[in-house]
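Bear in mind that the values here come from a model prediction, so they are computed numbers and not experimental data.
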Amino acid sequence: LSNQDFKKTLKVTWSAFDKCPDANNNASSPTPIVAQHFGNLISKAILADADDFKEFVTRGEASLRQECLLGVEPELRQLKKSDIVQLQRRGFYICDEPYAQISPNTGRPQPLVLINIPSGAEGAAPQQGASDAPATGGGAKRQQATAETQAKKDEKKLQRKQKKEQHKQQGPPPAP
């Protein structure tokens with residue numbers, strides 16, 4: 001992406017649907033979209049030199065791809081391919097297929113297809129269930145960094161306490 005300024009990205013509200021709504025060319029009805037989330041291809045965060053990557057490849061379509069039907073503001077019908085938009089409390093998405101009024105194949109509106117742009121944060125993908133959660137890396141490193149930071153804080157606290165004790169033992173400074 002050439003433009004990394006996401007503060008100017010269009011922010012959109014949404015609501016979930018059980019089935020894709022029929023827009024009926026009504027300008028005020030919600031725009032149907034399909035939000036897609038793709039999981040990790042490799043189930044292990046860091047592969048060692050001795051590891052065979054074929055053992056850690058995620059198998060099965062269900063664990064790699066999740067789709068969610070949503071209805072969004074009617075203004076999103078104007079999105080073009082590769083436009084970036086933010087769905088409130090879901091994340092950033094890139095337009096893969098723009099909205100089409102009526103598909104020549106089905107005679108129904110073609111929903112807007114958006115693909116999630118991963119943020120890189122742990123647990124960033126929407127959780128359908130505990131078994132559907134993708135494997136993410138960095139958890140052990142983050143815990144280790146947090147433990148090291150806490151150890152440094154504790155050490156500084158102990159040093160301050162020892163310094164305070166030394167001042168108490170020395171007594172008040174002599175008067176000039």
Side-chain angles (χ1 to χ4, degrees), residues 1-47 51-143:
L1 296 172
S2 60
N3 185 2
Q4 296 290 324
D5 185 15
F6 294 114
K7 290 182 180 179
K8 296 179 183 176
T9 303
L10 176 67
K11 288 149 182 74
V12 180
T13 55
W14 56 273
S15 60
F17 290 116
D18 290 336
K19 61 180 183 172
C20 196
D22 190 10
N24 292 329
N25 296 329
N26 187 351
S28 64
S29 64
T31 301
I33 69 165
V34 176
Q36 296 180 341
H37 297 266
F38 293 94
N40 294 333
L41 292 175
I42 308 274
S43 61
K44 188 174 180 182
I46 299 173
L47 292 175
D51 290 338
D52 182 17
F53 79 93
K54 294 176 186 174
E55 295 175 14
F56 300 101
V57 173
T58 305
R59 307 245 187 254
E61 176 78 18
S63 61
L64 290 178
R65 182 176 175 176
Q66 298 174 2
E67 288 187 350
C68 184
L69 292 173
L70 302 173
V72 296
E73 299 169 5
E75 291 78 25
L76 256 66
R77 294 178 187 172
Q78 309 304 322
L79 279 182
K80 297 175 184 73
K81 187 173 179 77
S82 73
D83 283 348
I84 295 176
V85 66
Q86 179 183 8
L87 297 182
Q88 293 292 328
R89 298 183 181 224
R90 289 190 73 88
F92 290 94
Y93 291 80
I94 189 165
C95 180
D96 187 41
E97 294 179 26
Y99 176 79
Q101 286 289 340
I102 295 182
S103 170
N105 298 328
T106 62
R108 303 183 84 190
Q110 177 69 33
L112 181 69
V113 177
L114 300 176
I115 298 175
N116 179 258
I117 300 172
S119 65
E122 264 187 79
Q127 303 283 325
Q128 298 287 329
S131 61
D132 293 336
T136 55
K141 287 182 182 179
R142 187 174 292 132
Q143 287 177 351

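Contact detail for Ser29 and Pro74: the closest heavy-atom pair is O-CG, 3.4 Å. Counting all heavy atoms, side chain and backbone alike, Ile84 lies closest to Phe92 at CG2-CD2, 4.3 Å.
Using a 4.5 Å heavy-atom cutoff, the side chains of Leu112 and Cys95 are in contact. Contact annotation: the side chain of Leu87 approaches that of Ile33 to within less than 4.5 Å [non-hydrogen atoms, C-beta and beyond]. For the pair Leu76 and Tyr99, the minimum side-chain heavy-atom distance is 4.5 Å or more. A 4.5 Å side-chain heavy-atom check between Leu79 and Leu114 finds at least one atom pair inside the cut-off.
Taking CZ of Arg77 as the reference point, atom CD of Glu75 lies at 9.0 Å (rounded to 0.5 Å). Tyr93 contributes atom OH, which lies 11.0 Å from atom CD1 of Ile115 (distance to the nearest 0.5 angstrom).
With sequence neighbours left out, Asp51 forms a side-chain contact (heavy atoms from CB on, under 4.5 Å) with Lys44, Leu47, Ala48, Phe56. Qualifying salt bridge (Lys or Arg N to Asp or Glu O under 4.0 Å) partners for Lys80, counting only residues two or more places apart in sequence or in other chains: none. Residues passing the side-chain contact (heavy atoms from CB on, under 4.5 Å) test with Asp52, sequence neighbours excluded: Lys54, Glu55. Annotation: side chain to side chain donor-acceptor pair (under 3.5 Å) contacts of Asp96 (sequence neighbours excluded): Lys81. Residues satisfying the side chain to side chain donor-acceptor pair (under 3.5 Å) criterion with Gln36, sequence neighbours excluded, are Glu67.
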